[in-house]
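The analysis underlying the following values was restricted to heavy atoms, covering all of them including side chains, and did not include hydrogens, waters or symmetry mates.
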Amino acid sequence: MMYMFNLFEILFPVMFFLILGVILVTIIRGIGTWHKNNQSPRLTVPVEIVAKRTNVSHHTHANGPEAGMHTSTSTTYYVTFQVESGDRMELVVPGCEYGMMAERDRGMLTFQGTRFLSFSRGTSQPFSANEQES
């Protein structure tokens, strides 16, 4: 019994600080990305939408011993934009914007670092990789 007690005294602080470290690293990375985006210039460039995808996360939470479980979902929306040079960037977009976009749409993308700001559909000239090869 004494062996188990000593093992707990060692493992509990190790696990506590490991979990605390992961949380702190996540927070610091988030602040770093936010700061980098804020320091980046706002750019508006002609683009074509080449792909769209979603990531649905399911979360189950305990409400307490008597209340049972609570389930929630969240969806993250991603759109891949291609610029005239052929370079592509995938940005997280709000759901209301995602629903208004379709693959092969062309227009002007405004972004700041990795932060999507807006997309306005327009009549920009075609420049997708398939059309450049023709």
For the residue pair [X] and [Y], establish whether any side-chain heavy-atom pair is separated by less than 4.5 Å.
X: Pro94; Y: Phe116; result: yes
X: Phe81; Y: Arg88; result: no
X: Thr110; Y: Leu43; result: no
X: Leu109; Y: Met89; result: yes
X: Met101; Y: Phe119; result: yes
X: Ser74; Y: His59; result: yes

**Q.** Any side-chain donor near an acceptor of the partner, Thr75 and Thr54, under 3.5 Å
**A.** no
Q. Just by modelled atom types, is the Tyr78 backbone N or O under 3.5 Å from a matching donor or acceptor in the Lys52 side chain?
A. no
Q: Decide yes or no on side-chain contact (heavy atoms from CB on, under 4.5 Å) for Arg104 and Ile49, but give the supporting numbers first.
A: CA-CA 5 Å; Arg104 300 194 57 119; Ile49 296 173; over 6 Å; no
Q: Please work out whether the ring planes of His61 and His70 are parallel, tilted or perpendicular, with thresholds of 30° and 60°.
A: parallel
Q | Hydrophobic cluster identity match, Val92 and Val83, side-chain contacts under 4.5 Å | A | no
(Q) For the CE atom of Met108 and the CZ atom of Arg121, what is their distance to the nearest 0.5 Å? (A) 14.5 Å
Q: Go through Asn37 and Thr114 one step at a time and tell me if the side-chain contact (heavy atoms from CB on, under 4.5 Å) criterion holds.
A: CA-CA 6 Å; Asn37 283 340; Thr114 59; 3.1 Å; yes
